[in-house]
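In what follows, a structure is listed as structure tokens, so that the remarks can point back to it.
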2 protein chains.
Amino acid sequence: MVSIRDVAKVAGVSHQTVSNVLNTPEIVSEATRERINKAIKVLGYKPNAAARRLRSGHSDVLALGISPASDRSPSPIFDSFLHQLASAAGKDGKKVMLYAKTDQDKDIELFESLREQSDVDAIILNGLEHQDRRPLWLLEHHQLFALFGRPWGLPQEKAVEIPWVDVDGFAGIKEMTQRLIAAGRTHIGYIGWSSDPGVGSDRYDGWKTALKEADIPYASNDEDLASWTEKVEEGLGAGMEEAAALMERHPDLDAIVCPSDNIAVGVLLAVSRLTKYTVVDDDPEKDISARPVIVTGFDNSRLARAFAFPSVSQPLDQVATELVRMINEILKGVKVSNEPRWHRLLKPTLVWRDSAVGGK
Amino acid sequence: MVSIRDVAKVAGVSHQTVSNVLNTPEIVSEATRERINKAIKVLGYKPNAAARRLRSGHSDVLALGISPASDRSPSPIFDSFLHQLASAAGKDGKKVMLYAKTDQDKDIELFESLREQSDVDAIILNGLEHQDRRPLWLLEHHQLFALFGRPWGLPQEKAVEIPWVDVDGFAGIKEMTQRLIAAGRTHIGYIGWSSDPGVGSDRYDGWKTALKEADIPYASNDEDLASWTEKVEEGLGAGMEEAAALMERHPDLDAIVCPSDNIAVGVLLAVSRLTKYTVVDDDPEKDISARPVIVTGFDNSRLARAFAFPSVSQPLDQVATELVRMINEILKGVKVSNEPRWHRLLKPTLVWRDSAVGGK
DNA sequence: TATCAAGCTTTGAACGTTCTGATAGTCTGT
DNA sequence: ACAGACTATCAGAACGTTCAAAGCTTGATA
């Protein structure tokens, strides 16, 4: 194995100068720098990560938990996020380490073992549960971390100390609802999660607000609103019965907004069965505006593409980049504060679809 | 930071004895061992991974590439595999590191940078392309690795040197076809990948063989078989037109076998539209045997659950466990040979469904 | 009693890097 | 010509662990 000292010998300098070329090239004169770089190339020298870690105390590794897929698994786009994160981290010379998530207690146990082991510089949390203990534990033990998602349900004074990136579900759903209204739909229902004080109510509010601002009659009364709403647990294909109930209650229903693609698929299937539009021969799905009821989702996953329903697309590349940026700044010693750069609420993109079903 | 020497001081022994307790406890007398363990607990000592790596030369880290989700992405179950792998590795004190896959050349470049850096002990490859250069490169450069999937298309003498785990697609599809025959279906078509000499033809052969063994008339003639087959590119919702074509060609068709859940969904949708069975009121999907055409998939992903079609389930936990075991053995210095324990073809499980559509 | 083996423990070096402080060389201004 | 400041380089220590080998008991054997 070729070390920094071998390079030094070949280049005729001390080992420290080689180290300087690697870490602070600007303090080395150009002549020697070139000589050393040449020696590095000739010898095929690669810095030893372990030694670097041992001495410098940081590992350039981010840890990310991955939960069993059977979980309510908010994201059909989790693997997409993983790729973006690995990519963003890689650009920065960092690596992403996976750990298998189980429950909060086990997670914390694991954090404990990562701590002080100089094995992981920072942790990226996502998919927080309500009143999650993990962020507080991490804060308390001065373990660096950043959050994908907002720290819903945490006291304000704590939340301020937590760096997070999230996508604005409220704005996304609101825009989608407005787009439906612009398309002439005026009887728009909502089928979403039953028990989710954070993300769920945020998206629900998006729908409600759009209706109110457009002066849709039933939006002015909470009781009326409730009758245009159905609660359902997250899950692929969920919401079929609820869609039926909603349509029975409101025969004039012409659109349904869902906070996830998983639910939207179920709702779309139920709707298409009840409205018979899938059996018409000349494919009415070619133009979704011809659909008796338009169903919309969230995440713009492959499901939305395959079933050709409109969906809200999360800018996962930006999420990943911002997370890595935040962690970098923290590692450099910048303190987390109330400034906006520690709490990024990214705007999602509306993906409308007029094209035919199918495709990849 | 508390080190091995601090523990030694408290326990009144030398640092090496502490190290022995950690690595080879059996050579330390019980009395001292207990004393040291107590000191470890009291001081909250955690071994420093970086130092251990530096000295011992191995990192206990496995690298795994993750490709952008837009790719033909063979697995709607990739994240599930990730979880299993992280879990299996974790049980063994190992970690999984992600790297962002792009193309073969970039991958190899990355392998090169991982090499000698004592940053990664072994690489896990999956989703090989046809005539993939990566396994050969890794062999040539003596970088340890194992494969999820078979080294299709590699010369036998090389393939023998490559440790791999795969799931027997042939057996899975064959069993599924036999199950359809047992259910009284005798006109069974196949819609699968157009260009895939490895996995694709393996699964196709499963269908063909089952038909032949059951003496289905059209199975004896290759030309007839071809007319019961449609080729299609992988993709969620793909295969709609092909399903229509197949049904037109064979009005007596009563089942379609697909090599992936993604395709099965498209096929199922096309079939349900053409056979009008989704519009019947008393949910014929409650019992799939009542379906005019049964569609089957592969992977038993959430899609199969949601749309209630039968599918072949891959034992991902076993795959992960075996991969980790192989890598462990190689790390211990065991040479890869022609023995069966280096080439594991695992039996998948058939998941039949009689229950209603929907649910999680 | 001297010798040897076995069981347990210790000592010192080594892994490859970065950190710290020192040294030589060059330039500037008086 | 000389102090002072700055630049480029160097030498040695340090990070926390494991490796290699040597040392100390103890008990059995000749």
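First the proteins, then the strands, lettered A, B, ... as listed; each starts at 1. Quantities reported herein were computed from a predicted structural model and do not represent experimental measurements.
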Identify whether any heavy atom of [X] sits under 4.0 Å from a base atom; if not, whether one sits that close to sugar-phosphate; answer base, sugar-phosphate or nothing.
X	value
B:Ser19	base
A:Arg5	base
B:Ser29	sugar-phosphate
A:Ser3	sugar-phosphate

Exercise. Once each nucleotide of nucleotides 21-26 of chain D is scored for protein heavy atoms under 4.0 Å, what B/S/- sequence comes out, 5' to 3'?
Worked result: ------

Exercise. Considering only side-chain heavy atoms of B:Arg55, which listed nucleotide, C:dT11, D:dC19, C:dG16, is closest?
Worked result: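 The closest nucleotide is D:dC19.
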
Problem set entry | Out of C:dG16, C:dT9, C:dT10, whichever nucleotide has its closest atom nearest the side chain of B:Val13 | C:dT10

Exercise. Mapping B:Ser56 and B:Thr17 to their closest nucleotides on DNA chain C, which lands nearer the 5' end?
Worked result: B:Thr17

If I take atom [atom1] in residue [X] and atom [atom2] in nucleotide [N], what distance separates them, rounded to the nearest angstrom?
X	N	atom1	atom2	value
B:Asn23	D:dC19	CG	P	7 Å
B:Ile27	C:dT10	CD1	P	12 Å
A:Arg52	D:dT17	CZ	P	21 Å
A:Ile4	C:dC15	CD1	C1'	13 Å
A:Arg53	D:dT17	CZ	C1'	15 Å
A:His15	D:dG12	NE2	C1'	8 Å
A:Leu54	C:dT17	CG	C1'	8 Å
B:Glu26	C:dC8	CD	P	11 Å

Problem set entry | Approximate separation, where rounding is to 0.5 Å, of A:Trp152 CH2 and A:Leu128 CG |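 With rounding to 0.5 Å, CH2 (A:Trp152) is 11.5 Å from CG (A:Leu128).
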
Problem set entry | Exercise: do B:Ser59 and B:Asp121 side chains pair donor with acceptor under 3.5 Å |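 Distance-only check passes for B:Ser59 and B:Asp121.
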
For this session: Ignoring hydrogens and angles, state whether a donor on the side chain of A:Glu339 or A:Ser337 is under 3.5 Å from an acceptor on the partner side chain.
Result: yes

Problem set entry | Stepwise salt bridge (charged side-chain N to carboxylate O under 4.0 Å, His left out) check, B:Arg52 with B:Asp60 | CA-CA 10 Å; B:Arg52 178 173 277 178; B:Asp60 287 343; 5.7 Å; no

Problem set entry | Pair B:Val319-B:Leu346, side-chain contact (heavy atoms from CB on, under 4.5 Å): steps then yes or no | CA-CA 8 Å; B:Val319 172; B:Leu346 302 174; 3.7 Å; yes

Exercise. Has B:Asn48 got a side-chain N or O lying under 4.0 Å from the OP1 or OP2 atom of D:dC15?
Worked result: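 For D:dC15, neither OP1 nor OP2 has a side-chain N or O of B:Asn48 closer than 4.0 Å.
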
Exercise. Distance check: side-chain N/O of A:Asn20 vs OP1/OP2 of D:dT9, anything under 4.0 Å?
Worked result: no

Problem set entry | Criterion side-chain contact (heavy atoms from CB on, under 4.5 Å) on A:Ile66 and A:Tyr99, from CA distance to verdict | CA-CA 6 Å; A:Ile66 177 168; A:Tyr99 65 91; over 6 Å; no

Exercise. More than 12 non-hydrogen atoms from neighbouring residues, nucleotides or ligands closer than 6.0 Å to CD on A:Glu30, yes or no?
Worked result: no

